[in-house]
Protein chains: 4
Amino acid sequence: MTELPTKTEDKHKRILQAAIKVFAKNGFYNSKVSEIAQEAGVADGTIYLYFKNKDDILISLFEEEMEKIIQNMKQEIGKEEDLLKKLKMFAVVQLNSKKENPDLAAIMEVELRQSSKFMKEYVNMKFIEYLKIVSSIIKEGQKKGIIKKEVDPTIVSRAFWGALDEVARFWVLSPRKKVSLSTSAELISDIFIKGMVEAVNRKS
Amino acid sequence: MTELPTKTEDKHKRILQAAIKVFAKNGFYNSKVSEIAQEAGVADGTIYLYFKNKDDILISLFEEEMEKIIQNMKQEIGKEEDLLKKLKMFAVVQLNSKKENPDLAAIMEVELRQSSKFMKEYVNMKFIEYLKIVSSIIKEGQKKGIIKKEVDPTIVSRAFWGALDEVARFWVLSPRKKVSLSTSAELISDIFIKGMVEAVNRKS
Amino acid sequence: MTELPTKTEDKHKRILQAAIKVFAKNGFYNSKVSEIAQEAGVADGTIYLYFKNKDDILISLFEEEMEKIIQNMKQEIGKEEDLLKKLKMFAVVQLNSKKENPDLAAIMEVELRQSSKFMKEYVNMKFIEYLKIVSSIIKEGQKKGIIKKEVDPTIVSRAFWGALDEVARFWVLSPRKKVSLSTSAELISDIFIKGMVEAVNRKS
Amino acid sequence: MTELPTKTEDKHKRILQAAIKVFAKNGFYNSKVSEIAQEAGVADGTIYLYFKNKDDILISLFEEEMEKIIQNMKQEIGKEEDLLKKLKMFAVVQLNSKKENPDLAAIMEVELRQSSKFMKEYVNMKFIEYLKIVSSIIKEGQKKGIIKKEVDPTIVSRAFWGALDEVARFWVLSPRKKVSLSTSAELISDIFIKGMVEAVNRKS
DNA sequence: CATGAATGAGTCTTCATTCAT
DNA sequence: TATGAATGAAGACTCATTCAT
């Protein structure tokens, strides 16, 4: 049903996959284009048929992967009806994606925060779109009277993401994973949910 | 009583201050040693009388600044008796430090997450020490029955820090600061506190 | 009677014409084979079906164009009987060719003087043939007692050509052409003619 | 009396001298910066302490050498009183400079005609200054009634220079120098002088 | 201690050329 | 023949580090 990837698409993908691996291992600045080429099984020059330059590899990587992540998240969240469960689901999916694609996660972690000119613009756009998934849940919760009005959705969506990101980072770094990722996801989302809900609701 | 800084100490400091400025502006890998030297008003070679190499500048920067940050935080927190207020204070101090020393904060943000070999070891040690300030508050809270036992202090201290760090990052990036840092600090800490406290306590 | 150009001849020509345009614009070393291909409307690889390599394009260009130029010059000169008028005609034709085919002229100007190994040999042969048109006129003039015997035909043919070439170059570069090319041609040839004729002749 | 060159001046000169040698041998585009460095006895990187980039070496070379050539020519010409002898002297000096500094001459020959953006501007300025030496002699000759008014000084100065340049080029290329440079100089200048002088003067 | 000129290893990038289709 | 994707050698340039002064 799905078309077979053409040779060209294939090579594009292969280079990007190689880049993810290499960037994750060495960081962007310590990665050599030639290493990516080798990892991808192409000649150095071939890279430049698919990407403008080294920077462009990183940018493309974000463009394409962030889009996938956002779409995937929206789909997973969509399955839930309950707003609070949506938040919990968000936490679970985000943490799991780290487990399933740790190389990509490692890159995002660092490069998202790099202040390099070129990143700032594009990445932020996509990142903001991602965060909007959370903030719109919160806003809806506020409309429905479930979540306190004093909560600033923008701030809290940032905080929620930051908390999850850091917990995931810790999990990846920890040699022995004492606490499971899903337990952590539940813990964090419970705290945020409980912290945000209307006190009145809870009395009943 | 405190000795006046010798010329040497002075130059060491000047280089470090210059490095903070330069690293914050360009990121570590796009910063040139010669630019740090110029900013510090010393010759390129002089840098190497005080630091082993470029990496060492960054490491020293962490060593010295993290220590200050930790000591400062401990002192500020110490003024508070109430455990929950301690947490709030933690948030306030962390966010304020971003405002007061944005260059240093910008560096920490990124470099803390760089996977460079040399960082991992040292930085993590200091960072863990910093996080322990939070986790020990939580542990004490649990001992006193204020905070739920199900909460894993290690995980939550990470999450708390991650949330604050991200909110601070957002604040720095936002052109017009709609929400004040202290409001954000309160918002985040309230959520975490409310989210962690024993339900029983709240009924009364 | 003349055969229509086959597809092959056509493509060969198109590539050469494209090369003239591209070399003239960028100079040989700053021209890319791919740009010539594009200009010619063929694939990069096609170039190599007609030419051994990039150098060979330039060489072929000289071979073919120089031959045309020489034949054309001989024909034009042949119309004149008077030796001195032949010289004047040479000047006119040479300068006009610059006007009519400035791209080719621009290439000749520079590449004729490039010391690249491969050029030296072939180009010089053709170039010498071209100069012989002038030197044989001079020799004949000397035989007939019109031109001074002290004049070295080889040297003067060079000088004559060099003078014309530089004047043409100036004309091309000048934004507003104050002096017409034909006036210049006359001026230069007059000087050379007057400068070379036997003084005795002029007394009568 | 003359100050000893400082180390820095020395290295600057050495690189330029090396560049003249290397450019003359291979042409600009076939010359490697590393070859210049080696020839100059410095490290590759050192080149970039004295010149912005490879282009800048060529530009500097023109700037400095053209200036010397112009000054030298003016001085030599200045020794002569007679206008026509000045022209002859110009020819002699120009041709001799080719003999004395053939490498530099070879570079000028080609690069002066290269259309590279950067050259056009600067070089032309200096080159025009050089040609003005000739054209002002001609103008003065016209004022004094020695040289025909119909002669366009700008055009003829170009032609004169072009003639000399080509003769010199021929001389350098010729394996056995049948005709001496000074003879050629005299021949060319005689032709131009005779070709430009007022006919009336010659009758007496 | 301080300097800053010099070093040269290291890398991105280009582009002529090839070759499977 | 024609294509154009792929190759990989080559070279300009940078910059951390050294060391003679």
Side-chain angles (χ1 to χ4, degrees), chain A residues 6-8 10-12 15 29-38 40-57, chain B residues 6-8 10-12 15 29-38 40-57, chain C residues 6-8 10-12 15 29-38 40-57, chain D residues 6-8 10-12 15 29-38 40-57:
Chain A
T6 64
K7 282 257 181 62
T8 280
D10 183 44
K11 212 156 272 182
H12 180 96
I15 293 170
Y29 289 103
N30 287 316
S31 297
K32 285 172 263 175
V33 171
S34 62
E35 196 183 345
I36 298 174
Q38 189 171 41
V42 299
D44 291 18
T46 304
I47 302 264
Y48 292 87
L49 295 177
Y50 295 89
F51 302 93
K52 227 171 37 235
N53 49 37
K54 193 184 166 189
D55 282 3
D56 189 42
I57 302 175
Chain B
T6 63
K7 281 255 184 66
T8 282
D10 183 44
K11 212 159 268 185
H12 179 96
I15 293 171
Y29 289 104
N30 287 316
S31 297
K32 294 176 228 168
V33 172
S34 63
E35 196 183 346
I36 297 173
Q38 189 173 40
V42 300
D44 292 18
T46 305
I47 301 261
Y48 291 87
L49 297 175
Y50 293 90
F51 302 92
K52 217 163 58 224
N53 51 35
K54 191 182 168 188
D55 283 1
D56 189 40
I57 301 175
Chain C
T6 64
K7 282 255 185 65
T8 282
D10 184 45
K11 212 159 268 186
H12 179 97
I15 294 170
Y29 289 104
N30 287 317
S31 296
K32 293 177 227 169
V33 171
S34 64
E35 196 184 345
I36 297 173
Q38 189 173 39
V42 301
D44 292 17
T46 305
I47 302 261
Y48 291 86
L49 297 175
Y50 294 90
F51 301 92
K52 218 163 58 224
N53 52 35
K54 192 184 169 188
D55 283 3
D56 189 40
I57 302 176
Chain D
T6 64
K7 281 261 181 59
T8 281
D10 184 44
K11 213 155 269 184
H12 180 97
I15 293 170
Y29 289 104
N30 287 315
S31 296
K32 285 172 263 176
V33 171
S34 63
E35 196 183 345
I36 297 173
Q38 189 170 39
V42 300
D44 291 19
T46 305
I47 302 265
Y48 293 87
L49 295 177
Y50 294 91
F51 301 93
K52 225 169 40 231
N53 50 35
K54 194 183 165 190
D55 282 3
D56 189 41
I57 302 176

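In what follows, chains are A, B, ... by sequence order, proteins preceding strands, each numbered from 1. Side-chain atoms are counted along with the backbone in the values below, which use heavy atoms only and exclude waters and symmetry mates.
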| query | When the distance from CG of A/D56 to P of E/dC12 is rounded to whole Å, what number comes out? | reply | 15 Å

| said: Quick check on DNA chain F: between B/N53 and D/K54, whose nearest nucleotide comes earlier from the 5' end? | reply: D/K54

| query | Counting only side-chain N and O atoms of C/S34, is one of them less than 4.0 Å from OP1 or OP2 of E/dC15? | reply | no

| B/Y48 side chain near E/dA2 phosphate (N/O to OP1/OP2, under 4.0 Å) | no

| query | For D/V42 and A/S31, take the nucleotide of DNA chain E holding the closest heavy atom to each; which residue's nucleotide lies nearer the 5' end? | reply | D/V42

| request: Nearest whole angstrom, please: distance from the P of E/dA5 to the CG of D/D10. | output: 15 Å

| message | Rounded to whole Å, please give me the gap between CG in B/D44 and C1' in E/dA5. | response | 10 Å

| request: Verify the contact: side-chain N or O of C/Y50 to OP1 or OP2 of F/dA2, cut-off strictly under 4.0 Å; return yes or no. | output: yes

| query | Step by step, would you call A/D56 with A/Y50 a side chain to side chain donor-acceptor pair (under 3.5 Å)? | reply | CA-CA 9 Å; A/D56 189 42; A/Y50 295 89; over 6 Å; no

| request: Select one nucleotide: of F/dT3, E/dC1, F/dT7, the one nearest the side-chain heavy atoms of B/L49. | output: E/dC1

| task | Starting at CD1 of A/I57, measure out to CD1 of A/I15 and round the result to the nearest 0.5 Å. | result | 7.5 Å

| Consecutive-pair stems (3 or more, Watson-Crick or G-U, under 3.5 Å) for DNA chain F | E:2-21 with F:2-21

| request: Find the distance C/D55:CG to E/dA16:P and express it as a whole number of Å. | output: 11 Å

| query | Distance check: side-chain N/O of C/K11 vs OP1/OP2 of F/dA2, anything under 4.0 Å? | reply | yes

| request: Measure the distance from NZ on D/K52 to C1' on F/dA12 and round it to the nearest whole Å. | output: 15 Å

| message | If I take atom NZ from residue D/K11 and atom CD1 from residue D/I47, how far apart are they, to the nearest 0.5 angstrom? | response | 11.0 Å

| remark: DNA chain F nearest-nucleotide lookup for D/V33 and C/G41: closer to the 5′ end is C/G41

| remark: The nucleotide from E/dT7, E/dA16, E/dT11 with an atom nearest the side chain of D/T46 is E/dT7

| remark: Between CD1 of A/I47 and P of F/dA5 the distance, given in whole Å, is 16 Å

| query | Can you check whether D/Y29 has a side-chain N or O nearer than 4.0 Å to OP1 or OP2 of F/dG11? | reply | no

| Taking CZ from B/F51 and P from E/dC1, how many angstroms apart are they, rounded to a whole number? | 13 Å

| said: What is the separation between atom CD1 on B/I57 and atom P on F/dC15, rounded to the nearest whole Å? | reply: 15 Å

